[in-house]
Amino acid sequence: MGSDRHPAQRARRTLAGALAVVLGVSLLASGTAAGQESPAPTTTAAPGPTTTTAPPVTVVLDEGDIGVVPPGSDGDVDAPPPDDGEPAPPADGELEVPDELPVVILPDPTPGLNAALAAIDVRRATDALAEGRTVRQMIDAELDRAYTARAEAVTARRRAGVELLAAKSVIDQLVVQVVVHGDTDSLQPLFGQASLEDLRDLELHGVAADKVHADFELARAAYRSSIEAENAATAALDDTAVRARFVHAIEVGLRNALDEAIRKAEEARQQVGPTILGPAVLDQADLVAWYRTYYRADPPVGPIDAIIESYLRVGEEEGVAGDIAFAQAILETGGFRSGHAGKWNFAGIGAYDSCSPTCSFSFPSLDEGVRAHIHLLRAYADPGLTTAQLAATPNRQVAPERVGVRGCCQRWTQLTGVWATDPNYDRKVLGIYRLMVETARALDARTQ
């Protein structure tokens with residue numbers, strides 16, 4: 001990745017190049033066809049083209065771990081220059097590997113990768129907890145307002161009840177004065193002095209009854225309204241309290257998730273590497289940023305954004321880590337520039353050391369090529385997988401029932417010798433992914 005993202009990296013470029021020279025160039029043989037039974041050889045075939053475009057170049061990271069620069073990279077990377085006598089790669093992007101190159105095992109990137117992934121998990125768990133606390137504070141404030149509104153409604157209802165009883169008591173007293181004692185002067189508070197002269201000739205029983213009825217209905221209507229307001233405030237309070245309990249429970253879960261992420265981070269370097277099955281850690285922006293760091297242009301097969309979107313989407317649908325599958329495709333196709341990629345075959349499916357890339361399978365579209373790759377990975381990781389369990393119908397060439405090594409590899413570190421004969425296969429895949437993780441961490445640091 002560029003020096004602006006990791007200032008310490010540029011200073012270590014010379015060391016990285018020297019390390020790559022010391023490590024040498026390991027055999028890049030693609031191995032037996034991924035997911036298919038290898039035909040029994042009858043003769044010893046000469047080494048054929050590989051599915052990658054260049055020997056791996058290692059980059060020393062801040063933690064002392066290594067990442068692997070992707071094959072075919074044309075980004076800002078100080079790779080060791082090729083020997084003068086080395087032939088140029090063929091036009092289709094494939095690289096011939098001479099017989100005499102020694103096999104040198106690359107350093108294992110998984111401890112540093114595990115630690116970096118754990119750091120991303122801790123950071124995301126921390127961010128999630130912060131967001132959860134913000135929501136909890138908002139719901140607590142809303143709950144306080146609901147308590148206040150209900151208390152005010154209760155006060156208003158009590159006041160209306162008192163006013164209703166007081167009005168009824170006064171009216172009762174006035175009625176007694178008029179009906180029993182004939183004291184019309186006591187009606188003055190109700191009708192006023194001017195209208196009393198007109199009322200003296202009226203039926204006092206009727207006047208008193210009408211006034212009692214009117215005032216009582218008004219007071220009772222006010223009391224009913226206050227009860228309705230109190231009930232509405234109580235319902236709002238109950239609803240808010242339920243949501244508050246839910247938000248508080250989420251916050252507790254987020255706190256536990258952060259604690260678990262921290263615990264796993266402490267154990268990360270002792271773990272054996274990420275699993276094939278599981279969610280992606282990196283997102284579209286992370287992977288696009290990484291690709292733009294190492295490749296100046298989109299691959300010939302199409303926009304890199306569309307390729308990445310397909311890997312993440314299909315990986316999620318099928319339960320495979322689509323971000324690491326994308327890193328594997330980068331290795332297999334030299335950044336989606338090889339002959340395999342031109343056939344939408346991003347994993348060298350159907351290719352053998354002796355005939356790659358001419359014997360590899362073809363797929364009709366980007367999505368179908370990605371899905372074939374993802375389906376094959378899931379079959380490698382799931383011993384009981386059947387066609388019916390997949391989210392989409394598989395291409396018949398990669399149907400799980402046809403995969404002879406189904407269930408062989410739950411982790412990416414187990415693919416070496418099975419998916420490919422290259423003894424560094426898993427270290428290259430995870431080494432490339434390691435730099436993707438570092439790109440994501442750099443992007444996260446910029447947004448903090």
Side-chain angles (χ1 to χ4, degrees), residues 30-38 65 68 105-118 120-121 260-261 263-282 311-332 346-349 370-392 394-395 397-434 436-437:
S30 60
T32 58
Q36 307 298 315
E37 297 292 348
S38 176
D65 302 304
V68 174
I105 303 301
L106 294 175
D108 185 3
T110 55
L113 174 60
N114 291 337
L117 289 173
I120 289 178
D121 288 341
E260 179 66 9
R263 184 190 66 78
K264 289 183 177 179
E266 294 172 350
E267 301 175 351
R269 287 186 176 273
Q270 284 72 48
Q271 295 173 356
V272 293
T275 59
I276 292 175
L277 301 182
V281 174
L282 308 184
Y311 265 100
L312 294 178
R313 171 174 45 81
V314 175
E316 182 178 7
E317 292 172 1
E318 301 293 356
V320 171
D323 51 353
I324 310 183
F326 174 74
Q328 183 186 24
I330 288 286
L331 175 65
E332 289 281 351
F346 304 132
I349 301 174
V370 170
R371 195 171 292 277
H373 182 188
I374 295 295
H375 278 165
L376 196 53
L377 282 169
R378 183 170 172 188
Y380 269 55
D382 187 349
L385 183 66
T386 64
T387 292
Q389 294 173 315
L390 296 171
N395 185 292
Q397 298 174 118
V398 295
E401 292 82 3
R402 289 172 54 91
V403 178
V405 292
R406 178 173 42 174
C408 65
C409 311
Q410 281 70 52
R411 297 183 180 274
W412 296 91
T413 51
Q414 297 173 301
L415 292 180
T416 296
V418 184
W419 192 287
T421 56
D422 180 357
N424 285 310
Y425 188 76
D426 64 306
R427 300 186 176 204
K428 292 175 184 175
V429 172
L430 297 178
I432 291 171
Y433 185 62
R434 179 74 166 91
M436 294 178 177
V437 170

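Count residues from 1 along the sequence.
The line from CG of Leu282 to CG of Leu117 is 7.0 Å long, rounded to the nearest 0.5 Å. The CG atom of Leu277 sits 10.5 Å away from the CZ atom of Arg411 when rounded to the nearest 0.5 Å. One distance of note links CG of Leu430 with CG of Asn114; it measures 8.5 Å at 0.5 Å rounding. Here the straight-line distance linking atom CZ of Phe326 with atom CG of Leu331 works out to 12.0 Å at 0.5 Å rounding. Atoms CZ and CZ, from Arg371 and Arg378 in turn, are 11.0 Å apart once rounded to the nearest 0.5 Å. Residue Arg434 holds its CZ atom at 6.5 Å from CG of Leu113, rounded to the nearest 0.5 Å.
Within 6.0 Å of CD in Glu316 there are 12 or fewer heavy atoms belonging to other residues, nucleotides or ligands.
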Open item on the list: Applying side-chain contact (heavy atoms from CB on, under 4.5 Å) to Val68 and Asn424, what does each step give before you reach the verdict?
Closed with: CA-CA 11 Å; Val68 174; Asn424 285 310; over 6 Å; no
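For Tyr311, the ring-ring contact (aromatic ring centres under 6.0 Å, His included) test picks out His373, with sequence neighbours left out. Residues passing the side-chain hydrogen bond (donor to acceptor under 3.5 Å, both in side chains) test with Arg427: none are found, sequence neighbours excluded.
Nearest heavy-atom pair across Ala118 and Ala265 is CB-CA, 3.5 Å. Closest approach of Ala392 and His375 over heavy atoms only: O-CE1, 3.3 Å. Of all heavy-atom pairs spanning Ala280 and Gly322, the tightest one is CB-N, 4.2 Å. For the residue pair Ala321 and Pro279, the shortest heavy atom distance occurs at CB-O, 4.1 Å.
Of the listed residues (Thr413, Thr110, Thr416), just one forms a side-chain hydrogen bond (donor to acceptor under 3.5 Å, both in side chains) with Asp426, and that residue is Thr416.
Contact annotation: the side chain of Gln397 never approaches that of Ile349 to less than 4.5 Å [non-hydrogen atoms, C-beta and beyond]. At least one side-chain heavy atom of Leu377 sits under 4.5 Å from a side-chain heavy atom of Trp412. Gln328 places a side-chain heavy atom less than 4.5 Å from the side chain of Val429. For the pair Trp419 and Leu376, the minimum side-chain heavy-atom distance is below 4.5 Å. Within the 4.5 Å cutoff, the side chain of Leu390 has heavy atoms near those of the Glu318 side chain.
Under a 3.5 Å cut-off, the side chain of Asn395 and the backbone N or O of Ala372 do not form any donor-acceptor pair. Proximity of a side-chain donor or acceptor of Asp323 to a complementary backbone N or O of Val281 within less than 3.5 Å is detected.
Ion pairing between Arg263 and Glu266 fails under the 4.0 Å rule for side-chain N and carboxylate O. Note on Lys264 versus Asp121: no salt bridge recorded, every NZ/NE/NH1/NH2 to OD/OE distance being 4.0 Å or above.
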Just distance, no hydrogens or angles: give the donor-acceptor pairs under 3.5 Å from side chains in residues 381-388, sequence neighbours left out.
| unit_1 | atom_1 | unit_2 | atom_2 | d |
| --- | --- | --- | --- | --- |
| Asp382 | OD1 | Gly384 | N | 3.1 |
| Thr387 | OG1 | Glu401 | OE1 | 2.7 |
| Thr387 | OG1 | Glu401 | OE2 | 3.4 |

